[in-house]
Protein chains: 2
Amino acid sequence: MKVLNKETDYAVRALISLGMKPDGWVPAKAISDEQAIPYQFLRRILQELIRSGLVESKEGAGGGVRLGKNPADIGVAEVIEIFQGKVQVSECMFRKQLCSNRANCVLRHEIMRIEQMVNEEFSKVTIGKLIDDLKAVEALTK
Amino acid sequence: MKVLNKETDYAVRALISLGMKPDGWVPAKAISDEQAIPYQFLRRILQELIRSGLVESKEGAGGGVRLGKNPADIGVAEVIEIFQGKVQVSECMFRKQLCSNRANCVLRHEIMRIEQMVNEEFSKVTIGKLIDDLKAVEALTK
DNA sequence: ATTTCTGATACCAATTTAGTATCAGTTAAT
DNA sequence: ATTAACTGATACTAAATTGGTATCAGAAAT
Ligand code: FES
Ligand code: FES
């Protein structure tokens with residue numbers, strides 16, 4: 001059971017990469033090289049990040065992309081949602097036969113609790129936090 | 001992002017169904033009808049549940065399946081693992097470029113914390129608990 | 001004008017998912 | 001002894017998803 005797919009994975013890495021050099025426009029090519037992400041694939045991913053406002057872009061020579069929000073304000077949950085949609089345990093785990101009234105379904109409740117917990121936890125993991133941790137690790141291994 | 005696939009979904013429902021009539025052998029056909037699960041698909045799912053000991057079977061006429069463990073001892077986590085493998089956030093979220101030493105990776109740690117949390121929560125949701133909740137709901141709506 | 005970029009979109013192969021079909025063997029009942 | 005009701009095992013398939021590629025148009029800097 002894989003929680004994050006490649007798109008989300010790459011997106012997070014790209015965001016971290018951008019967050020670590022916060023001045024000026026960074027061309028997609030640079031990120032692609034640095035993070036070993038297939039260029040065209042990354043391009044498509046960046047475009048989605050741009051559409052959702054996490055990233056800003058500037059066309060033409062000397063252009064590129066940069067973060068559109070403070071790294072501390074970008075939670076991984078948000079990125080997951082862009083590329084994999086809202087966390088959903090199952091369309092409706094206990095359907096017709098087992099459970100006639102969705103509204104008061106105790107079971108569904110139980111499961112949605114977990115769903116929400118996961119979302120909260122993934123929201124707490126922000127790009128900013130990841131960058132900080134990363135810097136800490138780098139300092140240690142130097 | 002769909003957490004449970006059809007196999008897991010059907011498996012859980014089949015287990016609930018079995019847990020609610022705990023006496024004697026139940027033919028797959030009966031579960032298939034009751035839960036509106038495609039017969040052959042269910043058969044294959046049941047075979048995996050049998051292999052992993054959650055369900056026992058008896059061949060021949062008058063045969064069928066029944067739970068192999070106490071409903072209270074079957075956690076949904078266990079079922080998920082059978083059909084979707086262990087929860088794994090990402091092969092290695094921050095690879096070569098970003099993080100050279102997996103062993104002391106602070107970031108990875110962060111993510112694995114969530115992984116474990118999810119697993120624990122899904123372990124606490126047992127077939128027994130689901131059955132109890134289901135009965136409670138049924139009592140209310142009657 | 002030319003080079004360096006993004007925007008948009010169409011395409012593709014490989015894998016996974018959800019479901020079907022078949023045949024062999026076992027047990028119970030007649 | 002036959003037959004009917006079952007599981008065991010496994011092969012097959014269509015459709016969707018995933019991960020990745022390719023192309024072309026247009027914008028800005030030089
Ligand atoms: S499960 Fe669909 S509602 Fe109870
Ligand atoms: S991420 Fe692979 S180890 Fe830090």
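Order of the sequence lines sets the chain letters (A, B, ...), proteins ahead of strands, with each chain counted from 1.
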Problem set entry | Any N/O donor-acceptor pair, B/Glu7 side-chain to C/dA18 base, under 3.5 Å |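 Donor-acceptor pair under 3.5 Å: no.
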Exercise. Going by modelled atom types, is there a donor-acceptor pair between the base of D/dT21 and the side chain of A/Arg44 at under 3.5 Å?
Worked result: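 Pair found.
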[X] [atom1] to [N] [atom2]: how many Å, rounded?
| X | N | atom1 | atom2 | answer |
| --- | --- | --- | --- | --- |
| B/Gln40 | C/dC23 | CD | C1' | 11 Å |
| A/Ile37 | D/dT21 | CD1 | P | 13 Å |
| B/Leu42 | D/dC6 | CG | C1' | 14 Å |
| B/Leu49 | D/dA9 | CG | P | 14 Å |
| B/Arg51 | D/dT7 | CZ | C1' | 12 Å |
| A/Asn5 | D/dG20 | CG | C1' | 13 Å |
| A/Arg43 | D/dC24 | CZ | C1' | 11 Å |
| B/Glu59 | C/dA28 | CD | P | 11 Å |

Exercise. About how many Å separate CG of A/Asn70 and OG1 of A/Thr126, when rounded to the nearest 0.5 Å?
Worked result: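 So the OG1 of A/Thr126 and the CG of A/Asn70 are separated by 8.5 Å.
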Exercise. Say you draw a straight line from OH of A/Tyr39 to CD1 of A/Ile31; how long is it, rounded to the nearest 0.5 Å?
Worked result: 10.0 Å
Exercise. Given A/Leu54, which of A/Leu67, A/Val79, A/Ile127, A/Asp73 fulfils the side-chain contact (heavy atoms from CB on, under 4.5 Å) condition?
Worked result: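 Of A/Leu67, A/Val79, A/Ile127, A/Asp73, side-chain contact (heavy atoms from CB on, under 4.5 Å) with A/Leu54 is met by A/Val79 alone.
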Exercise. Would you say C/dA18 has OP1 or OP2 under 4.0 Å from some side-chain N or O of B/Lys2?
Worked result: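 B/Lys2 to C/dA18 OP1/OP2: side-chain N or O found under 4.0 Å.
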Exercise. Can you find a side chain N or O atom of A/Ser57 that sits less than 4.0 Å from OP1 or OP2 on C/dC5?
Worked result: no
Problem set entry | A/Ala61, nearest nucleotide to its side chain (from D/dT10, C/dT4, D/dG20) | C/dT4
Seminar exercise, completed: B/Pro27 has its side chain closest, among C/dA18, D/dC6, C/dT27, to D/dC6
For this session: Might you confirm whether atom NZ of A/Lys29 has over 12 heavy atoms from other residues, nucleotides or ligands at distances under 6.0 Å?
Result: no
For this session: Hey, which sits more toward the 5' end of DNA chain D by its nearest nucleotide, B/Gly60 or A/Gly62?
Result: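 Checking each residue's closest nucleotide, the 5'-ward one belongs to B/Gly60.
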Exercise. DNA chain C: A/Tyr39 or B/Lys58, which has the more 5' nearest nucleotide?
Worked result: A/Tyr39
Exercise. Which pair of heavy atoms, one from A/Gln84 and one from A/Asn5, lies closest together, and at what distance?
Worked result: OE1-N, 3.2 Å
Exercise. So what does B/Leu46 touch, heavy atoms closer than 4.0 Å: a base, only the sugar-phosphate, or nothing?
Worked result: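 No contact at all - B/Leu46 keeps every heavy atom at 4.0 Å or more from the nucleic acid.
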